[in-house]
Amino acid sequence: MFDPKKFTVAKARPIPLYLLLDTSFSMKESNNIGALNTAVRTMLAAFEGEQQRETRIDVTPISFGHNGVQ
């Protein structure tokens, strides 16, 4: 007999993702910070478009620069 519980995932598997983001003065000076912000937004949008029940992406941003680590 067909049992759908055998073919579904009961709980989403977490995938941790740590983003180390350079926010130092040199990034702001050359406008690389704009490129960084665009890249992070694009990545997060792609993750949202690929949502599956089997996985969950846990994003933790860690910035470092002239104000230390945040």
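By convention here, the first residue in the shown sequence is residue 1.
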Undergrad: Could you give the distance from CG (L36) to CZ (R41), rounded to the nearest 0.5 Å?
TA: 9.5 Å

Undergrad: Under 4.5 Å between side-chain heavy atoms, hopping through other hydrophobics if needed: is there a path connecting M43 to I15?
TA: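 No, because M43 and I15 fall into different hydrophobic clusters, even though each may have its own neighbours under 4.5 Å.
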
Undergrad: Nearest 0.5 Å, what's the CG-OG1 distance between L17 and T60?
TA: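 These two atoms lie 8.0 Å from each other.
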
Undergrad: Please give me the minimum heavy-atom distance between P16 and P14, naming the atom from each residue.
TA: CD-O, 3.8 Å

Undergrad: Nearest 0.5 Å, please: how far is OG1 in T38 from CD1 in I33?
TA: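 The CD1 atom of I33 sits 10.5 Å away from the OG1 atom of T38.
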
Undergrad: Using the side chain to side chain contact (heavy atoms under 4.5 Å, CB included) definition, which of the options L20, T23, L21 pairs with F64?
TA: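 Single pass found, and it is L20.
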
